[in-house]
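Report on the following structure.
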Amino acid sequence: MSKVELQPPRGTRDFYPEDLRRRAWLFDQFREVARRFAFEEVDAPVVEHAELFTRKAGEEIVEQLYHFTLHDRHLALRPEMTPSIARMVMARAGALRLPLRWFAITQNWRYERMTRGRRREHYQWNMDVWGEPGVAAEAELIAAICTLLGRLGLGPGDVKIRLSSRALLEEVLRADVLRDRPEAFAPLCVVIDKLGKIGEEAVVDLLTDPAGAVRLAPGAARGVVAALGVRSLDEAAQRVPAGSAAVDDLRRLFELLAAYGLEDRVVFDASIVRGLAYYTGTVFEAFDAGGTLRAVCGGGRYDRLLETLGGPSIPAVGFGFGDVVIQELLADKGLLPDVARAIDDVVYPFGDAERPAALRLATRLRAEGRSVDLVLGSVKPRRALADADRAGAQRVFLIGPDEAARGVARVRELAGGAERDEPLDP
RNA sequence: GUGGGCGUAGCUCAGCUGGUUAGAGCGCCAGGUUGUGGCCCUGGAGGUCGCGGGUUCGAUCCCCGUCGCUCACCCCA
């Protein structure tokens, strides 16, 4: 039999202890921020019915679905968490008290070509508010993101959140080029999301593609692209009818964010639309100020997703925050901590004769809640001490024939080197 | 899919326009202390030089193929 391939499949990662410590540190930051905002954690299977994810708007996330058929069931690894959360909300829609604040830290899958910041498997911190139609929900979510960024050491000069509103764009287009074709709006957003990546000409080509879902006239397509270049919310407001709900919402959202003290974190950017079809209102993305990496996180309002899936109408807004780009950014800035191992005690019997006493001591310490490494083999004290030092232990309990005879353990404080005896059976 | 870079010890890499026993640092193991860590010193193990073919007296080095990794582009969460 040939030896197994040592590398995991392309785009996936192994997490050795030092890697997992760092990941756990990041997840701890996610959890702590979620806790401070009183969001409850949920989870769902990584394998779902593929149809939960399949939509028809030409989204990349659907085209890159990691899926397979098994026993006539078409299954898929989740590419994102939102549909699963929506399914969970829908399943208990009648029993849930709204608004609901849920978060999840999930592994997501996407079958795609690898580039910097993108892998086939990644983790994402997801926070969602269900049942709150007002922008207070958006503000709270964005505040959570900023709280996290701050905890990681990333200031306003490092990461900015750009936000806009699909509702605003929709108002502009409904009054004009999409007057009779509202169904073209979602696919249009998917195309516009590519603006910064493929350029205006390519976007116009896609918008006018006779085989596409949008099919605008060339002049109209250019008008759409031009509308995205507006520099400020005030300028955008001039393009929509007075009393625009979308403009009012955005203005209100910026007011709330200012009240959170986040005015230096957020900027209006009409070109932000996001690549997912289900967004309906506010959309936002966080970017590193250097502009060298892809989006750190992104989210928005999706008030009609539940209806789309056949459920009741419940407004919702949320974001996904991936683990890959943020770690690259932190590494670039030297902000990734080297998380050391930290056990409390090492219990070291010199030989087999002392082992029963040693394991009883270890058991007692563990019952007290301490993290105890019981030395398993027969090693020299030099080795036991060195290992204890590496493991970041505070104390080492040495039990040799002499100590066993006296009914004590020799306790050594590794930091200072002080030693004393401790009774084995107090 | 296109183009570039790279595959040499467990890891990061060096190897001078092809030459004799392929090296370093870190890590690992052992010893320097018959029962005491970090630092230091000494020694040791560990390599089909990704794989296959070719050129050559001779290939880690040159050529072809192949597999893998990686970066950029294409494409896009």
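Predicted model only: the values in this text are computed from it and were never measured. In the text below, chain A, chain B and the rest are named by the order of the sequence lines, each starting its count at 1.
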Between [M] and [N] - [atom1] atom distance, rounded Å:
N	M	atom1	value
G3(B)	C62(B)	C1'	23 Å
C57(B)	G18(B)	P	16 Å
C26(B)	C16(B)	C1'	25 Å
C71(B)	U55(B)	C1'	32 Å
C28(B)	G37(B)	P	16 Å
U20(B)	C61(B)	P	13 Å
G35(B)	A24(B)	P	33 Å

Partners meeting ring pair (Phe, Tyr, Trp, His ring centres under 6.0 Å) with Trp102(A) (sequence neighbours left out):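 With neighbours one apart ignored, the set is empty.
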Qualifying residues under ring pair (Phe, Tyr, Trp, His ring centres under 6.0 Å), relative to Tyr279(A), sequence neighbours excluded: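 Tyr279(A) satisfies ring pair (Phe, Tyr, Trp, His ring centres under 6.0 Å) with no residue once adjacent residues are dropped.
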Bracket string, RNA chain B, 5' to 3' - pairs by Watson-Crick or G-U geometry under 3.5 Å, | interstrand: (((((((..((((.....[...)))).(((((.......))))).....(((((..]....))))))))))))....
Pairs meeting criterion side-chain hydrogen bond (donor to acceptor under 3.5 Å, both in side chains) with involvement of residues 35-47 of chain A, two or more places apart: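 Non-adjacent pairs meeting side-chain hydrogen bond (donor to acceptor under 3.5 Å, both in side chains): Arg31(A)-Glu41(A), Glu32(A)-Arg35(A), Glu32(A)-Arg36(A).
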Residue pairs passing the side-chain hydrogen bond (donor to acceptor under 3.5 Å, both in side chains) test where at least one lies in residues 354-365 of chain A, sequence neighbours excluded: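 Those involving residues 354-365 of chain A are Arg364(A)-Glu422(A).
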Any pair counted as salt bridge (charged side-chain N to carboxylate O under 4.0 Å, His left out), so long as it reaches residues 377-402 of chain A, sequence neighbours left out: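 Of all non-adjacent pairs touching residues 377-402 of chain A, those that pass salt bridge (charged side-chain N to carboxylate O under 4.0 Å, His left out) are Asp345(A)-Arg395(A), Arg383(A)-Asp387(A), Asp402(A)-Arg406(A).
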No-H, no-angle donor-acceptor pair, Glu413(A) side chain to G37(B) base, under 3.5 Å: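 Answer no: no donor N or O sits under 3.5 Å from an acceptor.
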Sugar-phosphate only, base, or nothing, as touched by Arg274(A) at under 4.0 Å among non-hydrogen atoms: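 Here Arg274(A) touches the bases of the nucleic acid.
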Touch class at under 4.0 angstrom, heavy-atom based, for Glu419(A) against every strand present: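 Base, at least one base heavy atom under 4.0 Å.
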Pairwise side-chain contact, Leu26(A) with Trp125(A), heavy-atom cut-off 4.5 Å (strictly under):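 Counting from C-beta outward, Leu26(A) and Trp125(A) never come under 4.5 Å.
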Counterpart residues, salt bridge (Lys or Arg N to Asp or Glu O under 4.0 Å), relative to [X] (two or more places apart):
X	value
Asp249(A)	none
Asp28(A)	none
Glu403(A)	none

Please determine whether a side-chain nitrogen or oxygen atom of [X] lies at a distance below 4.0 Å from atom OP1 or OP2 of [N].
X	N	result
Arg294(A)	C75(B)	no
Arg383(A)	U36(B)	no
Lys380(A)	G31(B)	yes

Residues Asp323(A) and Arg13(A) bridged, charged N to O under 4.0 Å: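 So Asp323(A) pairs with Arg13(A) through a salt bridge.
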Aromatic plane relationship, Phe27(A) with Phe30(A) - under 30° parallel, 30 to 60° tilted, over 60° perpendicular: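 Correct class here is parallel.
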Side chain to side chain contact (heavy atoms under 4.5 Å, CB included) involving Asp19(A) - partner list, sequence neighbours excluded: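 Per chain and number, Asp19(A) pairs via side chain to side chain contact (heavy atoms under 4.5 Å, CB included) with Phe15(A), Tyr16(A), Arg22(A).
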Between the protein and nucleotides 66-71 of chain B, are there any N/O to N/O pairs under 3.5 Å, and if so, what are the atom names and distances?
unit_1, atom_1, unit_2, atom_2, d
G68(B), O2', Gln7(A), OE1, 3.2
C69(B), OP2, Arg10(A), NH1, 3.4
C69(B), OP2, Arg10(A), NH2, 3.1

What protein N or O atoms touch nucleotides 38-40 of chain B N or O atoms at under 3.5 angstrom, if any, and at what distances?
unit_1, atom_1, unit_2, atom_2, d
G38(B), O4', Asp389(A), OD2, 3.0

Pairwise 5' ranking along RNA chain B for Glu403(A) and Arg390(A), keeping only the more 5' one: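 Of the two residues, Arg390(A) wins.
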